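Worksheet: the structure to be examined is printed underneath.
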Amino acid sequence: MDPEKKVYEGSSSASYVPGHNEQYEEPPPEESLHRGLKARQISMIALGGAVGTGLVIGSGTALQRGGPLGLFLGYSFVGAVCYLVMTALGEMAAFLPHKKGFAGYATRFVDPAMGFALGWNYLMKYLIVTPNNVNAAGVVIQYWNRSVHIAVWMVIFIAFIFIVNLLGVRVFGELEFWFSSIKVLALIGLLLMGIIIDLGGNPRHDRIGFRYWQPPDGPMGHYLLNQVHNEKLSIFLGFWATLVNALFAYMGTELIGVTVGEAENPRRNIPIAIRQTFFRILVFYVGGVFVIGLIVPSTDSSLFVATKAKTGAAASPFVVATTLVGIRVLNHIINAAILLFVMSAANSDLYIGSRTLYGLAIEGKAPRIFRRVNRMGVPYPALILCTLFCGLVFLNVSSSSAKVFTWFVNLVSTFGAITWMCITYSHICFMKALKAQGISRDTLPFKAPFQPYGSWFALIATGIITFFKGFDTFIPFTTDTFITSYIAIPTFIVLYIGYKCYYKTVRIAPENVDLVTGLQAIEEDELKYKMEREAMGPQNRWVKLRERFI
């Protein structure tokens with residue numbers, strides 16, 4: 001059977017085969033990324049790759065504004081939204097693991113104009129978030145050494161992540177595997193440490209329990225109380241602030257959708273990685289903020305300093321917790337873990353940014369020079385451009401690190417929220433196309449749960465949070481914060497309308513969506529991988545275990 005028609009087996013309209021569209025074909029070998037990411041690397045990157053400043057540093061701000069209960073509820077709600085976004089992405093990525101990123105799905109299932117706007121929107125996010133994490137790394141390392149200017153450390157960090165990415169996806173994948181492994185172990189250690197501290201296992205033998213959930217510390221925060229002069233309103237604003245903060249913390253979870261173009265046997269490995277998202281959200285994010293709410297009072301002045309300070313150890317609520325109970329040595333270990341977190345995040349951010357620009361060039365929506373790859377499959381012109389944008393980090397030479405961090409957080413969270421909305425809307429259109437062409441979702445390699453309601457809920461919830469995310473810029477009005485909170489929205493609209501008017505594109509009807517082109521190449525890659533595995537002969541448990549971790 002023709003692999004391009006295989007997907008239609010058992011459907012009620014098996015005779016329907018849309019026309020072959022060359023623009024959706026994979027790039028030629030000399031311009032193609034290499035499928036060098038192994039199953040264990042994909043799984044571990046999905047498990048720990050996106051955990052960074054939003055959880056280990058930014059959660060302190062959310063605790064101070066929303067209180068322990070508000071923090072827990074906010075991260076739980078946005079975590080549910082994140083899971084729905086990821087499963088929606090997983091369904092499309094497992095069916096069509098192409099090398100064009102999220103923009104390719106929007107182009108193919110919705111409208112080329114949306115693909116263009118989404119691609120550039122996502123690229124701008126990573127042109128901002130990479131220097132944001134480099135900035136955070138510079139802030140963290142100043143805890144140990146303030147004699148060396150922060151700009152020197154930033155140059156070293158930028159050079160490091162550039163070299164790692166230039167060496168190819170195998171080196172990047174291996175390094176991120178171990179980075180993510182250490183991050184996962186460190187996070188587990190921090191959670192256990194927090195639980196032990198809370199139960200009285202600290203130098204002061206103080207059993208904290210839920211003390212900080214009681215007045216005057218908790219359970220809810222009072223954000224902007226002096227401005228709004230209404231206790232109930234200030235509590236609601238505090239909770240809403242945790243949603244905005246959580247949105248930033250979860251941004252980057254979708255990076256697994258970018259790796260599909262370089263993943264081995266993606267139709268098997270991507271669903272496994274997507275399913276792990278639920279446990280990552282539940283244990284690390286929701287569990288992490290729950291523990292933070294137990295061991296750090298939201299009203300403590302050191303926590304407020306922690307979210308604004310320039311020194312590294314003071315930038316994390318986990319370190320604040322150790323200081324409050326008199327643990328002196330552990331702060332250095334935690335600071336080292338935080339440095340690893342943000343460096344790993346910066347490394348993966350640069351990878352995603354370069355692949356997003358490459359995907360745009362492959363679709364003809366960016367200059368052709370960014371299609372070029374070296375012999376290791378690295379899109380080096382795209383990598384160089386994204387690295388140059390890391391120079392934005394030197395803004396903190398003239399402004400404080402905390403202020404620059406706030407600007408970047410505002411920009412990144414809005415760019416990321418728009419990406420989530422486009423992913424879910426692309427998935428809605430994908431499901432409509434399957435239904436219109438008589439293809440059962442039960443035949444897909446991965447089927448997202450709670451659909452179509454899940455994608456609609458995630459789309460609407462993310463839209464509401466994004467629209468109101470900059471509410472505190474009006475109390476009182478702050479120009480720079482307002483601009484960085486909302487500039488991404490008109491930017492996306494201008495990109496979308498501009499492309500649509502210039503190329504006169506139309507929204508693709510469900511019955512005309514191309515669900516065939518490119519499937520043959522994917523089937524061939526999958527068959528080639530299986531043949532190579534079979535040629536290796538039967539594998540015992542030791543070989544499988546070694547392959548999983550080595």
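Because only heavy atoms are used, hydrogens play no part in the values below, and waters and symmetry mates are left out as well, while side chains stay in. All values derive from a computational prediction rather than experimental measurement. Throughout, residue positions are numbered sequentially from 1 according to the sequence presented.
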Is N202 reaching over with its side chain to a backbone N or O of I197, donor-acceptor style, under 3.5 angstrom? yes
May I ask you to check whether over 12 heavy atoms, not counting those of Y486, lie within 6.0 Å of atom OH? yes
How are the rings of Y75 and Y250 set relative to one another: parallel (under 30°), tilted (30 to 60°) or perpendicular (over 60°)? tilted
Donor-acceptor check, side chain of S344 to backbone of L340, threshold 3.5 angstrom: yes or no? no
Going through the distances and angles, do Y351 and F172 end up as a ring pair (Phe, Tyr, Trp, His ring centres under 6.0 Å)? CA-CA 8 Å; Y351 166 83; F172 167 82; 4.3 Å; yes
For Y83, which of Y285, W420, F278 qualifies under ring pair (Phe, Tyr, Trp, His ring centres under 6.0 Å)? F278
Holding to side-chain contact (heavy atoms from CB on, under 4.5 Å), I want the full list of residues that pass it with T387, two or more places apart in sequence or in another chain. I158, F162, L350, L383
Could you check whether the rings of F179 and F160 sit parallel, tilted or perpendicular, using 30° and 60° as the cut-offs? tilted
Within the distance-only criterion (no hydrogens, no angle test), does the side chain of T462 pair as donor or acceptor with the backbone N or O of A417 below 3.5 angstrom? no
Evaluate the ring planes of Y122 and Y126, with Trp represented by its six-membered ring, and classify them as parallel (under 30°), tilted (30 to 60°) or perpendicular (over 60°). perpendicular
I'd like to know if the side chain of T484 and the backbone of T481 have a donor-acceptor N/O pair within less than 3.5 Å. yes
Compare all side-chain heavy atoms of L191 with those of V283 and state whether any distance is below 4.5 angstrom. yes
Ignoring hydrogens and angles, tell me if any N or O in the side chain of T242 forms a donor-acceptor pair with the backbone of G70 under 3.5 Å. yes
Does A117 offer a backbone N or O that forms a donor-acceptor pair with the side chain of N121 under 3.5 Å? no
